[in-house]
Structures are given as C-alpha cells and as structure tokens.
2 protein chains.
Amino acid sequence: MGSKERIQRIKEETRSNILDAALQIVREDGWQALSMRKIADKIEYTAPIIYEYFANKEGILFELTRIGHQLLLQDVRSAKAAQTEPDLQLEAIWMAYWNFAFSQTQLYQLMYGVDMVCCEQKKALPEAIASAKIINDTISELMVKPTPDMICRKYYTFWSIIHGLISINLLNKGTGDEMNQHILKDAIHGIINTIND
Amino acid sequence: MGSKERIQRIKEETRSNILDAALQIVREDGWQALSMRKIADKIEYTAPIIYEYFANKEGILFELTRIGHQLLLQDVRSAKAAQTEPDLQLEAIWMAYWNFAFSQTQLYQLMYGVDMVCCEQKKALPEAIASAKIINDTISELMVKPTPDMICRKYYTFWSIIHGLISINLLNKGTGDEMNQHILKDAIHGIINTIND
DNA sequence: TACATTTGCTTAACGCTGTTAAATAGTTTA
DNA sequence: TAAACTATTTAACAGCGTTAAGCAAATGTA
C-alpha cells in the first residue's frame with residue numbers, strides 16, 4: 001500500500017550508492033580504474049542495473065561533476081563569509097579553491113580535467129555559475145571603477161594562475177607544499193594590488 | 001647481402017609511420033579515438049606488428065610526448081634567438097608556449113594533460129629540461145640579484161599562469177582568442193615588472 | 001484461489017579495447 | 001632440396017560500455 005514512498009526511498013539510496021561507489025573506486029585506483037562492472041560489484045548488483053539510474057557512464061560523471069561544484073560552492077561561500085574586507089575575501093576564496101583541489105583531487109580532476117568528458121554541460125551548471133558570480137562580485141568590490149569587461153579579465157587572470165599552479169602541483173603528485181602555497185599567495189596579492197591598472 | 005641497412009631503414013620508417021598514424025588519428029578524432037587496431041589499419045598492418053616497435057600503447061604515447069617536447073624546444077630556442085633583450089626574450093618564449101598549445105593542441109594535451117599517462121618519465125625528458133633551462137636562464141638575466149630559489153619561484157609563477165590560461169582556452173574549445181592573448185601579455189608584463197620584488 | 005501482469009534483476013550477447021600465443025606464409029641459409 | 005629463420009596474420013583472452021532477452025518473484029485482478 002504505502003510502500004510507494006519506501007520504494008522511492010531505496011531507489012534514491014541506490015542511486016546515491018552508485019555515486020558513492022564510483023567515487024570510492026576512483027579515490028582508490030584513479031579514474032582509469034572506474035568501470036560500470038566494478039561499480040555494480042561494489043553495490044552488489046550487476047552492471048545493467050546502473051542503467052536504470054543513469055543513462056550511461058557519462059551520466060554518472062556528470063552527476064559527480066555537479067556534486068563537486070556543489071561542495072566547492074559551499075567552500076567558496078564559507079570563505080567569503082569568514083572575511084569582511086573584499087581583498088581578504090578574494091584571497092580566502094582562492095585558498096578555498098586550492099584546498100579543494102588537494103582534498104578532493106578526484107572531483108577537481110573531473111571538474112577541470114582537460115580530456116574529461118562533460119565539457120559543454122559544465123558551463124551551464126548552476127553551481128559553477130554561482131561560484132563564478134561570487135568571485136566576480138568580490139573582484140568588482142575591489143575596483144574603483146568596475147566594468148564588466150575588466151572584471152571578466154581579472155577573473156580570468158586569477159583563475160588561470162590558480163588553476164595553473166594547481167595543475168602543476170597535481171601533476172608532480174605534490175600535495176600543495178608550502179613553497180607553492182607561497183607562490184599562490186604572492187600571485188594573488190600581485191593581482192589584487194594591480195587590480196585597478 | 002648489403003640489405004641489412006635497407007631492412008633497418010624500412011624498420012625505422014615503419015616505426016615513424018606508426019607515430020605519424022597515431023598523431024593523425026588523434027588530430028582527426030581526439031585522444032579517446034586512438035586504438036592500436038586503428039593505427040595498424042592506417043599503416044596497413046595488423047595490430048600485433050606494432051608490438052615489435054613499441055612495448056605497448058603507453059610506449060607510443062611516451063614517444064609522442066618526446067616529439068612534442070622536441071618541437072617545443074625548437075620554438076623556445078627560436079623565440080629567444082629572435083630577441084636581444086631578456087624581457088622581450090621571456091615574452092617571446094611564453095608566446096611560443098601559447099602558440100604551440102593551439103597549433104599542436106593534441107601534443108600539448110599529451111605533454112601536460114592531467115590524467116594522461118607517462119607522468120614520471122616526463123620529468124626526466126632531456127628536451128623538457130632543456131626548455132626549462134632556457135627559461136630559467138632568461139629569468140636569471142632579468143634579476144638584479146638572482147638566487148636559485150627566486151628563479152624557481154618566478155618560473156613557477158610564469159608557467160602557472162600560462163598553463164592555466166591555455167587550459168581554460170582549450171577547455172572552452174577556444175582557439176586562443178584576442179582577449180585571452182591580451183590577458184596573457186598583461187600577466188607576463190606584470191610578472192616581469194615585479195620580477196625583483 | 002487462479003491467472004495475468006508487472007517489477008527487479010540476471011544472463012547472454014555485441015562490438016570494441018590492449019595484449020599475447022600460436023599458426024602460417026615467405027625468405028634466407030646450409 | 002631441406003632446414004632455419006623472419007615477417008606477418010589469425011585466434012584468443014580478459015576486460016570495457018551497452019543492450020536485449022529471459023527468468024523469477026511480487027503484485028494486481030477475476
């Protein structure tokens with residue numbers, strides 16, 4: 001009778017289990033180790049079951065990308081809220097990106113990896129847009145005469161150097177050591193100081 | 001009789017054909033389309049033949065990485081040679097990186113892609129080291145009191161922002177449009193101007 | 001209660017992947 | 001001419017993403 005909701009509930013649970021299992025496999029053995037059959041093994045089903053919850057493997061990756069952007073958005077919001085001055089807010093936000101990349105490396109790789117799929121959709125992800133908006137707003141607050149074009153340019157400059165530093169550190173299997181964190185802070189201050197040029 | 005050399009020659013030719021075929025496939029349909037059988041088709045052999053020239057697929061990727069670093073090294077050398085002043089040399093070198101990324105996108109993806117294989121070997125590649133040395137020397141010439149530590153830090157800062165900007169542009173399927181080239185030049189000048197801070 | 005239908009799940013299969021071993025054809029050597 | 005060696009292919013294995021068919025258990029209906 002009233003088991004409609006119960007069924008719905010365990011279905012959502014299974015869907016969540018699939019995502020959890022996928023992430024667990026990737027954390028243990030990297031993206032190249034992820035397969036539908038391994039996910040199925042982990043949730044104690046067989047592979048075809050997964051296709052009742054996701055259209056295909058890319059669908060799972062897309063959902064994980066979304067989860068990643070959700071988590072990052074939370075961190076960005078907290079970072080901004082923890083500071084009052086725009087310059088400190090901006091620094092805190094980029095440090096949040098940095099920390100996210102090394103604490104959630106696999107999600108970061110998926111979200112910003114070069115060859116990873118789901119490129120088109122990413123742009124449209126509301127969580128990603130929300131994070132970008134927070135950053136743009138903070139940059140705007142720092143400018144004496146902000147124009148959309150200048151804000152965008154500064155945003156790209158910031159994002160490039162952070163993403164670049166992170167990439168190099170991830171490539172070198174580093175965990176974001178002190179020297180590079182130093183470089184990051186230097187670069188952030190450099191851009192902030194010349195933000196009105 | 002004297003066909004030993006001829007055989008050697010056509011063997012080297014086949015090896016080269018394998019690499020050419022691989023690169024051609026990747027240029028046409030992307031990295032995910034590359035397979036041993038497709039390479040074999042293109043050179044009009046069957047797949048197992050390839051294993052007499054390369055240990056495995058990763059061996060091909062490694063060799064392509066090497067070729068990429070060789071080409072880039074040439075560009076870097078030309079860029080430096082075309083200028084006399086260190087600051088202009090440095091700008092020209094980074095522009096060479098930028099142009100390489102968009103003219104040889106597939107090789108660039110292989111050389112610096114996040115999830116691509118051959119990570120450990122890359123650091124040891126002599127061509128990659130040679131390019132890095134040229135850049136470090138040029139940075140050193142720009143400094144009034146260069147120390148290894150500071151040179152390294154500036155190198156990382158440069159490389160991060162260039163690699164970051166390139167990544168974003170490649171992700172957005174862009175071809176390195178004018179605005180981002182503008183950002184790149186701005187950033188380079190910014191770092192050069194504060195190189196002694 | 002008996003039959004029909006739907007649901008949940010598995011098995012089997014297709015075409016693809018990288019890779020290896022066995023078989024075959026072709027050329028060289030004795 | 002017979003034996004040895006070389007070049008190349010065919011066949012196969014295990015794994016991949018994905019789909020279709022089958023089965024078994026639960027549900028709805030008479």
Side-chain angles (χ1 to χ4, degrees), chain A residues 1-19 21-26 28-65 110 113 115-119 121, chain B residues 1-19 21-26 28-65 110 115-118 121:
Chain A
M1 300 289 212
S3 61
K4 268 281 180 67
E5 295 98 7
R6 188 180 55 90
I7 288 172
Q8 185 71 12
R9 185 155 38 80
I10 66 168
K11 278 217 168 189
E12 274 165 25
E13 203 170 293
T14 303
R15 193 188 134 93
S16 166
N17 285 344
I18 291 171
L19 295 171
L23 206 48
Q24 199 180 326
I25 291 165
V26 173
E28 278 164 11
D29 300 313
W31 281 106
Q32 125 261 76
L34 183 65
S35 83
M36 300 299 261
R37 286 176 174 88
K38 280 185 199 162
I39 295 174
D41 274 6
K42 201 142 243 173
I43 63 170
E44 296 186 301
Y45 276 109
T46 49
I49 281 291
I50 304 177
Y51 291 85
E52 294 186 9
Y53 297 87
F54 298 93
N56 46 33
K57 192 181 181 182
E58 198 176 338
I60 297 176
L61 298 188
F62 177 69
E63 195 55 33
L64 288 177
T65 313
L110 180 60
D115 75 334
M116 287 291 174
V117 235
C118 355
C119 281
Q121 302 111 314
Chain B
M1 301 291 206
S3 62
K4 269 281 179 67
E5 296 99 8
R6 188 180 55 90
I7 288 172
Q8 185 71 13
R9 186 154 36 80
I10 66 168
K11 278 217 167 189
E12 274 165 25
E13 203 171 292
T14 303
R15 193 188 133 93
S16 167
N17 285 344
I18 291 172
L19 295 171
L23 206 47
Q24 198 178 327
I25 292 165
V26 173
E28 278 165 10
D29 300 312
W31 282 106
Q32 123 262 78
L34 183 66
S35 83
M36 301 299 261
R37 285 175 175 87
K38 280 185 198 162
I39 295 174
D41 273 6
K42 201 142 243 172
I43 63 169
E44 296 186 300
Y45 276 109
T46 49
I49 282 291
I50 304 178
Y51 291 87
E52 294 186 9
Y53 296 89
F54 297 93
N56 46 34
K57 191 180 183 183
E58 198 176 338
I60 298 176
L61 298 188
F62 177 68
E63 195 55 34
L64 289 177
T65 312
L110 181 59
D115 73 335
M116 288 290 175
V117 234
C118 357
Q121 302 112 314

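A quick note: this is a predicted structure, and the numbers were derived from the prediction, not measured. Labels below follow one simple rule: chain letters A, B, ... track the order of the sequence lines, proteins then strands, and each chain is numbered from 1.
Atom CD of Q32(B) and atom P of dT17(C) are 11 Å apart (whole Å). Here dT7(C) presents its C1' atom at 15 Å from CD of Q8(A), a figure rounded to the nearest Å. In this structure, D29(B) atom CG and dT17(C) atom P are separated by 12 Å, rounded to whole Å. Atom P of nucleotide dT9(D) and atom CD of E44(B) are separated by 10 Å, given to the nearest angstrom. Rounded to whole Å, atom P of dT9(D) lies 11 Å from atom CG of D41(B). One can place OH of Y45(B) at 8 Å from C1' of dA7(D), the figure rounded to the nearest angstrom. Residue I49(B) contributes atom CD1, which lies 16 Å from atom P of dA21(C) at whole-angstrom precision. Remark: C1' of dT18(D) and CD of E52(A) are 13 Å apart, rounded to the nearest angstrom.
Inter-axis angle, ends of the helix from dT5(C)-dA26(D) to dA30(C)-dT1(D), five pairs per end, rounded to 10 degrees: 40°.
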For nucleotides 20-24 of chain D, list the nitrogen or oxygen atoms of the protein found under 3.5 Å from its nitrogen or oxygen atoms, one pair per line.
none

Polar-atom pairs under 3.5 Å, protein N or O versus N or O of nucleotides 13-16 of chain D: list them with distances, or write none.
residue: dC16(D); atom: OP1; partner: S35(A); partner atom: OG; Å: 3.0

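Counting only distance, with no hydrogens or angles, the side chain of S16(A) and the backbone of E12(A) share no donor-acceptor pair below 3.5 Å.
Residues in residues 29-41 of chain A take part in no salt bridge (Lys or Arg N to Asp or Glu O under 4.0 Å) pair, two or more places apart or across chains.
Nucleic acid contact for Y51(B): base, since at least one base atom lies under 4.0 Å from a heavy atom of the residue.
Residues T46(A) and A40(A) share a closest heavy-atom pair of C-CB, 3.5 Å.
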Review item, side-chain donor-acceptor pairs of residues 47-56 of chain B, under 3.5 Å, at least two apart:
residue: N56(B); atom: OD1; partner: E58(B); partner atom: N; Å: 3.3
residue: N56(B); atom: OD1; partner: G59(B); partner atom: N; Å: 3.0

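Residues satisfying the side chain to side chain contact (heavy atoms under 4.5 Å, CB included) test with E28(B), not counting sequence neighbours, are Q24(B), K42(B).
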